[in-house]
Q: 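One structure coming up, written as structure tokens, with questions to follow.
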Amino acid sequence: MVNAGIRKKIRGILENGGIASADFEAEQLLKWGLGEKYYMTGFSEEIDGERERLLTEAAIRRTEGEPLQYILGEWDFYGYTFKVGEGVLIPRQETELLVEKALPYINEDSAVIDLCSGSGCIPIAIAKKTGAKCVGVEISREAINYFSENIRLNGIEDKVRIAEGDVLSPEKSLLDSLPRADLITANPPYLTGEEMRTLQKEVRREPKIALYGGSDGMDYYGKIFEEWLPMLKPRGIFAVEAGDGQSGAIREIMESKGLSCRVFKDYGGVERVIVGEKGEPEIKGKGL
Ligand SMILES: C[S@@+](CC[C@H](N)C(=O)[O-])C[C@H]1O[C@@H](n2cnc3c(N)ncnc32)[C@H](O)[C@@H]1O
């Protein structure tokens, strides 16, 4: 089939399959399936049958609910490319706000701990931008496999490492292996039970362990400040992402632990990122 024919066919499959942004997604699939050389070629150029078969299958998988990002096998976050697929959360645009708000607090001498790292998008973007040393804590083996591939892909082996472990009840050996941090970041699972029941079919393909935050979505926030605040240096920064409607409750927890907080809205107007600074009481007198 000629190039123009394939383009029409792929767009048609997506449109008939009810994909809302069929034009955009068709272009993404064509770029991926045809490769740079054939994607840029003339509309009357003959495209081999193998490429046509691959693209047709991909478009059908997409209409069956597979996320576009899993089909492409990679996605961009904060200007860097990350491998993604079954078993790891797709980096979201909202999470770029967390990185943006955290960056001003650190430099190449800083130590950063990222909790619930998934693909590694947060620590890798932070390390690439600032040169800070970052450790990402993650429990899922599948996510860790993507995380380590992404460290290699982004050539940041000297700055980012992975610590396998449970952020909710970290073992002493895990904590002992980590530096005191200037910055701790976290984008934990925060969807509520109700939100899990009404997920878009694409999101249902992402791992439940990356999404579900307990019936009210707050299970992780209740625990992570308790467990991880001692790992933050005096005057250190704790920056977290929040689900829609959760920022007030999270801020309350953070302030109850002595953090002074600022809240930032995402482009959709949702209070998405909370940045807390750890204040140490100033010693004014000589003491006893
Ligand atoms: C919402 S995803 C965020 C992934 C990544 N930080 C991002 O922004 O794309 C949450 C991640 O936390 C991990 N996770 C869930 N429970 C965990 C636990 N108890 N300890 C460590 N990681 C956990 C999941 O495997 C998942 O990768």
Side-chain angles (χ1 to χ4, degrees), residues 67 69-70 74-103 112-128 134-151 153-154 160-171 173-175 177-178 183-192 195-196 199 202-214 217-228 231 238-244 246 250 266 270 272-274:
Q69 296 89 336
Y70 281 0
E74 56 184 39
W75 199 240
D76 284 359
F77 177 86
Y78 221 84
Y80 304 105
T81 299
F82 291 84
K83 293 277 177 203
V84 292
E86 206 87 42
V88 73
L89 192 91
I90 299 159
R92 304 292 205 271
Q93 209 184 1
E94 300 92 276
T95 308
E96 294 184 334
L97 184 67
L98 174 62
V99 172
E100 184 189 308
K101 296 301 172 192
L103 286 181
V112 179
I113 297 174
D114 176 58
L115 307 176
C116 299
S117 288
S119 63
C121 58
I122 297 172
I124 292 173
I126 288 178
K128 291 291 278 187
C134 302
V135 189
V137 185
E138 172 57 56
I139 202 168
S140 147
R141 262 274 119 214
E142 283 170 297
I144 286 173
N145 290 339
Y146 283 101
F147 189 176
S148 64
E149 212 183 330
N150 286 325
I151 291 174
L153 177 70
N154 285 284
V160 182
R161 71 179 173 91
I162 304 170
E164 184 168 359
D166 184 352
V167 303
L168 297 176
S169 46
E171 288 183 7
S173 57
L174 168 68
L175 296 176
S177 73
L178 300 176
L183 167 70
I184 298 179
T185 50
N187 177 19
Y190 56 61
L191 295 190
T192 65
E195 284 167 334
M196 289 298 290
L199 282 182
E202 285 81 2
V203 184
R204 247 180 270 141
R205 297 287 187 103
E206 294 184 271
K208 186 178 174 199
I209 191 177
L211 301 170
Y212 184 52
M218 292 292 293
D219 282 6
Y220 283 76
Y221 302 105
K223 211 70 176 107
I224 56 177
F225 297 109
E226 181 105 18
E227 297 289 346
W228 292 90
M231 295 300 289
F238 213 129
V240 298
E241 179 170 324
D244 195 355
Q246 291 172 337
I250 297 169
D266 66 17
V270 173
R272 185 63 72 186
V273 170
I274 302 137

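Note that ligands are numbered from 1 as they come in the structure, with each ligand's atoms numbered from 1 the same way. Along the sequence shown, residues carry numbers from 1.
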Q: Is atom CD of Glu100 surrounded by more than 12 heavy atoms (other residues, nucleotides or ligands) closer than 6.0 Å?
A: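 Count over threshold, so yes.
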
Q: In this structure, are over 12 heavy atoms from other groups packed under 6.0 Å from Glu164 atom CD?
A: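 Result for CD/Glu164: enclosed.
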
Q: Suppose I only count heavy atoms of Leu168 and a 4.0 Å limit; which atoms of ligand 1 are within that range?
A: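 Heavy-atom distances to Leu168 below 4.0 Å select 19 (N).
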
Q: Testing Leu153, Val160, Ile162 for side-chain contact (heavy atoms from CB on, under 4.5 Å) with Ser148, which one passes?
A: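 Of Leu153, Val160, Ile162, side-chain contact (heavy atoms from CB on, under 4.5 Å) with Ser148 is met by Ile162 alone.
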
Q: Quick one: does Ser140 get an N or O within less than 3.5 Å of an N or O on ligand 1?
A: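 Between Ser140 and ligand 1 (N or O atoms, distance only) the closest approach is not under 3.5 Å.
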
Q: Could you pull out, from Ile122, Asp166, Ile209, the option with a heavy atom nearest to atom 19 (N) of ligand 1?
A: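 Heavy atom nearest to atom 19 (N) of ligand 1 belongs to Asp166.
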
Q: Using a 4.0 Å heavy-atom cut-off, which part of Cys121 comes near ligand 1: side chain, backbone, both, or neither?
A: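 For Cys121, the contact with ligand 1 is made by the side chain alone.
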
Q: As an exercise, identify every atom of ligand 1 less than 4.0 angstrom from a heavy atom of Leu89.
A: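 Per the distance check, 1 (C), 2 (S), 3 (C), 9 (O).
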
Q: Does Tyr190 come within less than 4.0 angstrom of ligand 1, counting non-hydrogen atoms of the residue?
A: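 Not so, Tyr190 does not reach ligand 1.
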
Q: With nothing but distance in play, are any N or O atoms of Ser119 less than 3.5 Å from an N or O of ligand 1?
A: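 Between Ser119 and ligand 1, no N or O pair is found under 3.5 Å apart.
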
Q: Answer yes or no for Gly165: is there a heavy-atom contact with ligand 1 below 4.0 Å?
A: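 Contact check Gly165 vs ligand 1: positive.
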
Q: Using a strict 4.0 Å cut-off to heavy atoms of Asn187, name the atoms of ligand 1 that fall inside it.
A: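 It comes down to these atoms of ligand 1: 1 (C), 2 (S), 3 (C), 7 (C), 8 (O), 10 (C).
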
Q: Just which atoms of ligand 1 are under 4.0 Å from any heavy atom in Gly118?
A: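 Within the 4.0 Å cut-off of Gly118, ligand 1 contributes 4 (C), 27 (O).
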
Q: Mind checking whether Tyr78 and Pro91 have side chains closer than 4.5 Å, heavy atoms only?
A: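 In short, these two side chains do not touch, never coming nearer than 4.5 Å.
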
Q: Using a 4.0 Å heavy-atom cut-off, say whether Pro207 meets ligand 1 through its side chain, its backbone, both or neither.
A: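 Near ligand 1, Pro207 shows nothing, with every heavy atom at 4.0 Å or more.
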
Q: Under a 4.0 Å heavy-atom limit, does Thr95 contact ligand 1 with its side chain, its backbone, both, or neither?
A: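 Side chain only.
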
Q: To check your reading of the model: name the closest protein heavy atom to atom 17 (C) of ligand 1, its residue, and the distance in Å.
A: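 For atom 17 (C) of ligand 1, the nearest protein heavy atom comes out as Ile139 CG2, 3.5 Å.
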
Q: Partners of Ser173 by side chain to side chain donor-acceptor pair (under 3.5 Å), sequence neighbours excluded?
A: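 Expected list: none.
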
Q: Hey, does Leu199 have a side-chain heavy atom less than 4.5 Å from the side chain of Leu191?
A: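 The answer is yes; the side chains approach within 4.5 Å.
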
Q: Sequence neighbours left out, what passes salt bridge (Lys or Arg N to Asp or Glu O under 4.0 Å) with Arg205? Give chain and number order.
A: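 For Arg205, no residue satisfies salt bridge (Lys or Arg N to Asp or Glu O under 4.0 Å) once neighbours in sequence are set aside.
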
Q: Please confirm whether Cys116 comes within less than 3.5 Å of ligand 1 when only nitrogen or oxygen atoms on both sides are compared.
A: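 For ligand 1, there is an N or O atom that lies under 3.5 Å from one belonging to Cys116.
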
Q: Hey, what's the ring geometry for Tyr190 with Tyr221, parallel, tilted or perpendicular (30° and 60° as the breaks)?
A: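 Rings of Tyr190 and Tyr221: parallel, as their planes differ by under 30°.
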
Q: Any idea which protein heavy atom is nearest atom 5 (C) of ligand 1, and the distance to it?
A: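 Among all protein heavy atoms, the one nearest atom 5 (C) of ligand 1 is Ser117 O, 3.3 Å.
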
Q: For atom 25 (O) of ligand 1, grab the closest protein heavy atom and report residue, atom and distance to one decimal in Å.
A: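 Among all protein heavy atoms, the one nearest atom 25 (O) of ligand 1 is Glu138 OE2, 2.6 Å.
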
